[in-house]
Enquirer: 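Input: one structure, supplied below.
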Number of protein chains: 2
Amino acid sequence: MISLEDVAKLAQVSPATASRALTRPELVAEATRERVLEAARTLGYQPNVLARSLRQRGSRSLGLVVTDILNPFHALLAKGVQDVAEAQGYTVLMFNTDEESAKERRAFETLRGHLPQGLIVVPTPATHLNLKLLPNLPVIELDRASGRAGAHTVMVDNEVGAYRAVSHLAALGHRRIGMIVGRLDISTAVERHEGYRRALLDAGLPYRPELVVPGNHREADGRAAAHALLTLPPAERPTALFVGNNEMTVGAVLAARELGLRLPDDLSLIGFDDSRWAQTMTPAITVVAQPAYDLGALACRTLLNLLGGQTVPQSVRLKTTFIERDSAAPLTPQPSPLAGSR
Amino acid sequence: MISLEDVAKLAQVSPATASRALTRPELVAEATRERVLEAARTLGYQPNVLARSLRQRGSRSLGLVVTDILNPFHALLAKGVQDVAEAQGYTVLMFNTDEESAKERRAFETLRGHLPQGLIVVPTPATHLNLKLLPNLPVIELDRASGRAGAHTVMVDNEVGAYRAVSHLAALGHRRIGMIVGRLDISTAVERHEGYRRALLDAGLPYRPELVVPGNHREADGRAAAHALLTLPPAERPTALFVGNNEMTVGAVLAARELGLRLPDDLSLIGFDDSRWAQTMTPAITVVAQPAYDLGALACRTLLNLLGGQTVPQSVRLKTTFIERDSAAPLTPQPSPLAGSR
DNA sequence: TTGAAAGCGCTAACAT
DNA sequence: ATGTTAGCGCTTTCAA
């Protein structure tokens, strides 16, 4: 390990001067600076960030805590954060919590020991409490809002996106539109549900609680929820489904398949969040797309601005995009037992 | 920030004793230990890993460098590594290189400053060179082999998996089997290509270089390669395709679609590496599946064993699994211009 | 513009 | 079993 002292010796200056030449060049005479830089280069000097951080009481690193790194949406968020952080010379310490409070807690504890400058977190209902472990740390909430007073958030316009999707289904003539919604203690689920509700209202359709089934964001939950909805008696069964996130959309499509329902003939379906999978499926799935990478990148930029002392907006919403593909079609009159018995 | 000194004061012992009580309890009298632990708890003490690592010349952290975190295969590798590392109290510093040598170099430089105990890397052709930045660091190569003498590697049996897939196609009666292969300066591509070659040989089929098209692992490359192969004159066009990785498989399927070729009637196709996408596509794609999570977990366990001074096998291969689905079918006689003109 | 000296929080010799 | 002391590599007063 080459230390600054080695560099200083070679350049025939004191360690203090060597340090200045490397980190605050303007404080050092041109000739001296050159000599130090040259020495550093020949020795292949790499600063020991541990020592530096210890001295400065803070490392040039950021924490990133996501809830499911295997979810491509989160992978994109993470890439957005990483790319921006790296460009600014920050190291990202990334943790995955699987939506478990205990894991989040451990992540925060570990993080604390590394003295990060700031934190970007996809909050869970436990985040509010766990954040007490990191007092005075600048935090950006990403994708969801924990509800902490004064929290900085970077999200998408969930309500608008959901409204658009459900309005589309209504305009296609569907009157029984079901929703598979996320956990209602998570802001995205609440907002998307609100968009659903408002779209029904504006379309003059009744809100039927029995057509709204919550799930825990996973494929299996989407499958179970869809199964429940699609096995209702024919007169009550929804003819269209709006699904609140990407993983549950997969489950819903599989459930429909298992029940022998063809998309879009027997069932129209729109998902929230786009994916490779949604694009290449047969039929391709109509979705409300989110700018995941941009979301991550913006969160990181916001955090860095905050650290730089700039004033940043409390809350930012990026726009979703409605992408019409082939999984939602006009309602076709269906043979019903009643019609058959007339 | 609560320091060890605060804890020591409260427990009425020296900092050294407090340190011992926390990290090497057996060296401290029961009563003292209790007092220290109690003090640490009441103060909410969290060790400053920076100071500790500086002192110990090494942090309880591992480097993980992957080439494409957006690729679900790599995301799974990463999760496997993370889960094992976390269970052993190690922090993972993860970097993404996008297969770019410059990014890998920067990742290694950054990593060096953090004094990691070891490194797990998905090597690129540049890794050999770049690793000179991290002399004396224990390294595990994951998924691919760089060719460095004495390197520890954790991989799958690429050659066997490819052999199985191509043999399957041959057994279905296909005689012109094309391969879309990765970059031949990467070991996985070489090995899968070798399996392809050997399967053809054993099936009594000629190896035709014109039916082997290399690509750079991305969807776009797979698409272009497939397009080139599938627009060959009918008599030369392959009736089956073996694709060397997951992203290129997507591209190949899309290319076939664009050309109006239906799977498996007009074209049989088998991909390497399973995915959500391959499972739910219509038709579902027959694949050679890899135990990605296990691969990552094993690499991490191997590294930790190595750090623990145990002797570990130089090279480990995990088994692939052939999963037969619906994208490969027996060759059906096709209407050809020649047949028509007879 | 440069150097000397102190100290970030921790642990490992060494001493008792 | 515990305390004293020194020092990891760096930056930052303070002084020259």
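First the proteins, then the strands, lettered A, B, ... as listed; each starts at 1.
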Enquirer: Check this for me: does any side-chain nitrogen of one of B/Glu109 and B/Lys132 sit under 4.0 Å from a carboxylate oxygen of the other?
Expert: no
Enquirer: Is the shortest heavy-atom distance from the side chain of A/Val49 to the side chain of A/Arg60 under 4.5 Å?
Expert: no
Enquirer: If we only count heavy atoms from C-beta on, is the B/Val65 to B/Leu119 side-chain gap below 4.5 Å?
Expert: yes
Enquirer: Would A/Thr67 and A/Thr97 count as a side chain to side chain donor-acceptor pair (under 3.5 Å) if you check the C-alpha gap in whole Å, the side-chain angles of each, and the deciding distance to 0.1 Å?
Expert: CA-CA 5 Å; A/Thr67 58; A/Thr97 65; 5.3 Å; no
Enquirer: Given that B/Ala18 and A/Pro15 both sit by DNA chain D, which one's nearest nucleotide is further toward the 5' end?
Expert: B/Ala18
Enquirer: Roughly how many Å is it from CZ in A/Arg112 to P in C/dG9, rounded to a whole number?
Expert: 14 Å
Enquirer: What do the steps show when you test B/Glu99 against B/Thr124 for side chain to side chain donor-acceptor pair (under 3.5 Å), and what is the final call?
Expert: CA-CA 7 Å; B/Glu99 305 263 5; B/Thr124 66; 5.8 Å; no
Enquirer: Any side-chain heavy-atom pair from B/Val92 and A/Phe95 closer than 4.5 angstrom?
Expert: no
Enquirer: Give me the residues of residues 41-59 of chain B where at least one heavy atom lies under 4.0 Å from an atom of DNA chain C, by number, or none.
Expert: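 The stretch gives B/Tyr45, B/Pro47, B/Asn48, B/Ala51, B/Arg52, B/Arg55, B/Gln56 as the residues lying under 4.0 Å from the strand, ordered by number.
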Enquirer: Does anyone know the first and last nucleotide of DNA chain D in reach of chain A, 5' to 3', at under 4.0 angstrom to a heavy atom?
Expert: D/dG9 to D/dT13
Enquirer: Check whether any side-chain N or O of B/Ser19 sits under 4.0 Å from OP1 or OP2 of C/dT11, and answer yes or no.
Expert: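 B/Ser19 to C/dT11 OP1/OP2: side-chain N or O found under 4.0 Å.
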Enquirer: Nearest-Å distance, NZ (A/Lys9) to P (C/dG3)?
Expert: 14 Å
Enquirer: If you count every heavy atom of other residues, nucleotides or ligands that lies below 6.0 Å from B/Arg317 atom CZ, does the total exceed 12?
Expert: yes
Enquirer: Does the side chain to side chain donor-acceptor pair (under 3.5 Å) test come out yes or no for B/Glu104 and B/Thr127, once each step is laid out?
Expert: CA-CA 8 Å; B/Glu104 183 178 81; B/Thr127 303; 2.8 Å; yes
Enquirer: Of the residues in residues 20-37 of chain A, which ones touch DNA chain D at a heavy-atom distance under 4.0 Å?
Expert: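 Those residues whose heavy atoms fall under 4.0 Å from DNA chain D, taken from residues 20-37 of chain A in numerical order, are A/Arg20, A/Thr23.
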Enquirer: Is the phosphate of C/dG3 approached by A/Ser14 (side-chain N or O, under 4.0 Å from OP1 or OP2)?
Expert: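 So the side-chain polar atoms of A/Ser14 do come within 4.0 Å of the phosphate oxygens OP1 or OP2 of C/dG3, strictly under.
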Enquirer: Can you tell if the side chain of A/Val156 reaches within under 4.5 Å of the side chain of A/Pro291, non-hydrogen atoms only?
Expert: yes
Enquirer: Heavy atoms, side chains only, cut-off 4.5 Å: are A/Arg148 and A/His128 in contact?
Expert: yes
Enquirer: Between B/Val121 and B/Val139, is any pair of side-chain heavy atoms under 4.5 Å apart?
Expert: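 In short, these two side chains touch, coming nearer than 4.5 Å.
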